[in-house]
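The first residue in the sequence is number 1, and the count goes up from there.
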Amino acid sequence: MDNINDVKLTPMGDSNFVKPLRMHYTQNGVEKIWDLIKIHDSVSIIIYNTTRKVLVFVKQFRPAVYFAAVPDQDRELKIDTNKYPAENGITIELCAGIVDKNIPLEEVARIEVLEECGYDVPVSNLERIISYRSGIGVCGDIQTVFYAEVTDNMKVGKGGGNLEEGEFIELVEMTVAEAKKYLEKDTVRSPGGFLFALLWFFQNKSTI
C-alpha cells in the first residue's frame, strides 16, 4: 500500500467520477459564482465484530490527502516521494463505496462490506443510521451511514477491495478502548464522517 512512486500531476480530462462545474447565481440582488464538483453519492458502514469485540475499519492510500500534505512549493509536475512518503496519504476510514448502480442502498452497503472486509452480511443485518450532505463546500453529495454487527463465522473472504478496480485496502481492527484513544489525538488522518460514526457508536452501542 505504501509503495507509491512516480507521482505526477496533470490537468484532468473527462472523468467517470468527478465533474467540475461553475454555478452562476444571484443572491439578494448580488451576482455570484461558485465552483463545485459533481460526484456520486455514497454509503459507509460501521462494522462491529461481536465475536472478538472489535470495530472493523479500512486503511487505504488517498491521493487527495497525500496531495494536501505536500506544501505548495513542492507541488510541481512530479512530487518527490522520498521527501513526502506515501504514509502522508494513508487514512483510516469506515468501509464505504460510491453509489453507481441502480440498486437499494442496503445492497450497495452489503457489497462493499464483502469486497472491502470479507464479511457476508445479510441486508437484514444492516441498520440505517442517517443520510447527510458530505463536502458541502465543493460537492454536496449524500452519504448514507449503516451499522452492521458481524461474527467470525460471517467472514468468507480476506477483503482488501476490488483488485480489478485497482483497490488496495487493509483492514484495521480496534477495540472500543482503542477507538476512544484514537479520538483523543490532536490530529488524525480520518474524515469527519468517521469521527461522527465513532461517537454514534459510543453513544448508542456502549453496552456492547
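- Ion pair Lys155/Asp152 not flagged as a salt bridge, since none of the NZ, NE, NH1 or NH2 atoms sits closer than 4.0 Å to an Asp/Glu carboxylate oxygen.
- Using a 4.0 Å cut-off between charged nitrogen and carboxylate oxygen, Lys181 and Glu178 do not count as a salt-bridge pair.
- With sequence neighbours left out, Glu93 forms a salt bridge (charged side-chain N to carboxylate O under 4.0 Å, His left out) with Arg62.
- No chain of hydrophobic side-chain contacts below 4.5 Å, direct or via other Ile, Leu, Val, Met, Phe, Trp or Tyr residues, connects Val58 to Val54.
- For the salt bridge (charged side-chain N to carboxylate O under 4.0 Å, His left out) criterion with Lys59, the lone passing option out of Glu116, Glu87, Glu170 is Glu170.
- Side-chain contact annotation: Glu149 with Thr50, donor-acceptor N/O pair under 3.5 Å absent.
- The hydrophobic cluster containing Ile47 also includes Val43, Ile45, Val56, Val99, Ile103, Leu105, Val108, Ile111, Val113, Tyr119, Val121, Leu126, Phe146, Val150, Met154, under a criterion of side-chain heavy atoms closer than 4.5 Å among ILVMFWY residues, counted directly or through chains of members.
- When the shell of 6.0 Å around NZ of Lys8 is examined, it contains more than 12 heavy atoms from other residues, nucleotides or ligands.
- Asp14 pairs by the salt bridge (charged side-chain N to carboxylate O under 4.0 Å, His left out) definition with nothing, not counting sequence neighbours.
- Not a single ring-ring contact (aromatic ring centres under 6.0 Å, His included) links Trp34 to another residue, sequence neighbours left out.
- Listed by chain and number, the hydrophobic cluster partners of Val156 are Leu114, where partners are ILVMFWY side chains within reach of under 4.5 Å, directly or through others.
- The other residues sharing a hydrophobic cluster with Phe17 are Met12, Val18, Ile37, Ile39, Ile98, where clustering joins ILVMFWY side chains under 4.5 Å apart.
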Exercise for the section: Under the ring pair (Phe, Tyr, Trp, His ring centres under 6.0 Å) rule, what do Tyr66 and Tyr84 come out as? Steps first, then yes or no, please. Expected result: CA-CA 8 Å; Tyr66 179 78; Tyr84 302 105; 7.5 Å; no
